[in-house]
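Scroll down for the structure; my scribbles are underneath it.
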Amino acid sequence: MKKALVIGAGPAGLTAAYELLTKSNDFEVIVFEESDTFGGISKTVNYNGNRMDMGGHRFFSKIPEVNEWWEKMLPMQGAPSYDDLVLNRSVPLTDGGPNPEKQDRVMLTRNRVSRILFDSKFYDYPVSLKMETLKNMGLINTIKVGFSYLAAMFHKLPEDNLENFYINRFGRKLYSMFFEYYTENLWGRHPREIDASWGAQRVKGLSITAVIKDIFGKVFNKKNRKVETSLIEEFKYPKLGPGQLWEVTASEIERLGGTIIKNAKVIGINKDKNNSITSLSYEKDGKVISESGDCVISSMPIKDLVQGMNDVPAEPAQIAQGLPYRDYMTLGVLVSKLNLKNKTNMRTIGNIVPDCWVYVQDRNVKMGRFQIYNNWSPYMVKNLENTVWIGLEYFVNEGDEFWKMTEDEFRKIGISEMIKLGLIDSEDVVIDCHMEKVKKAYPAYFDTYDDIDKLIDYLNTIDNLYCVGRNGQHRYNNIDHSMMTSFEAVKNIISGEKDKTNIWNVNTEQEYHEKAN
């Protein structure tokens, strides 16, 4: 029997392990996970009965294979969740599906609400053209936005950076209001320094034109309406947060005979003179252990993967070493009330605003986004009726002043910014706080990223190495894209296919994902 070594127990690594065990009887599968939790940046943190989603994970895909996979792990709800029951909200139900009030292994259907907080006012994200938006902007700004967009339509800029990418789709005025500062805050670089391919993957077909088409599609052609991912109005969500899906997957892997070693940090990839991997080395309990294998599926950051390899030529080694990342910190804040008024027609427990997350476009604070966990799932919050559980999100660099902060220092900054933004009046309403950090949360598209194709060419010369997932490919993938890279990798491993183009091509062409029926 052959042995497959899988690095990382996040979405890509666990998907690959499960697929290999279910699609073939020829492989022993061992998964190595650096931490003691499953899900990577899609993990769920349980703090005193309140659950935190690292970064906010909507489960939405137009790929049937992915949807079937999710359904197998967490069947869609067959009865309303707690908040839908209390508020008498209608929600799609599946005949024979589990009851979330009685069972945990269940996927919920949730309303997608995410808005921009700009100049103390809420704007839809993606930006809509409804009356409230125009009223918030004011007549003069609305006119400027309109003329700016017309100018962008007739005078397209070369899409050689992210700034031009956004201006071509939204006009310079809207870009400066809603994209410029947030993007710079997210990446620590101005958008003109960032490769446009990040926007192409994350925003895809979204533009003012797409927004207008969607409005008319709702009115005139509901049945055949095609929706850009960023315009979806509902999404799936595990009852207990995204990490639940990967905890269930891990238990299935072990049930199928797979081995998962936690707290095992892979530090070495050993290649022979034929440029094939023969084994890997990992640290566990203060010891360095070697494990031989026939193939390696890696979802670890390319930077770390290449650094741990022997006999890497100078050019790919230099490109890998220079790949940039953005790290992530979040402060969970439990409050007795929020100042934000629910002016929507959406009913919520406690009449809080219905947003899953809010993008902060305010140059006076460092906060990039905040999540309202109550709205992701009612089961994320211990005392749903009387508390609001917020996640304040900050984009940082490992080792910078934020990263070095103690929990108390971070708490003071987070709460002071909540007050500055008008989310709360004073610290008196704060009941509890909890800090979490995530390294290499966002692979970045600048510095040596310009030469990543040369690095990929080198990695493809290692015949038994398969790079999958967000960090495994240094590509800002959604969960479904990460899973698809693993589906493709497993197909190649089983069939013996040596050409890995199919694995690297996931999420590179718009037709592949966004326009699927």
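Throughout, numbering of the chain's residues begins at 1 and tracks the sequence. Just so it is clear, the model here is predicted, and its values are computed rather than measured.
- Remark: aromatic rings of F370 and Y359 are distant, center separation not under 6.0 Å.
- Between Y237 and W376, the angle of the ring planes lies from 30° to 60°, which puts this pair in the tilted group.
- Under a 3.5 Å cut-off, the side chain of Q77 and the backbone N or O of T109 do form a donor-acceptor pair.
- Atom NZ in K454 sits 14.5 Å away from atom CG in L459 (nearest 0.5 Å).
- Classification of the Y442-F395 ring pair by plane angle, with boundaries at 30° and 60°, yields perpendicular.
- H57 NE2 to S42 OG: the interatomic distance, rounded to the nearest 0.5 Å, is 3.5 Å.
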Give the intermediate values and the outcome of ring pair (Phe, Tyr, Trp, His ring centres under 6.0 Å) for residues F59 and F235.
CA-CA 6 Å; F59 287 75; F235 61 91; 8.5 Å; no
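- Between W187 and F446, the ring planes lie perpendicular to each other; the angle is over 60°, past the 30° to 60° tilted range.
- Ring pair Y394/F410 is perpendicular by interplanar angle, where above 60° counts as perpendicular and below 30° as parallel.
- Interatomic distance, CG of D451 versus CG of D457, reported as 11.0 Å (0.5 Å rounding).
- Figure legend: cation-pi geometry between R470 and Y476, with NZ or CZ positioned under 6.0 Å from the six-membered ring centre and within 45° of its axis.
- Ring geometry for Y282 against F32 counts as tilted: the plane angle lies between 30° and 60°, on a 0 to 90° scale.
- Residue Q307 holds its CD atom at 12.0 Å from CD1 of I269, rounded to the nearest 0.5 Å.
- Within the structure, salt bridge (Lys or Arg N to Asp or Glu O under 4.0 Å) pairs that include any residue of residues 5-30 comprise E19-K23 (at least two apart or interchain).
- Taking CD1 from I349 and CG from N374, the interatomic distance works out to 9.0 Å, rounded to the nearest 0.5 Å.
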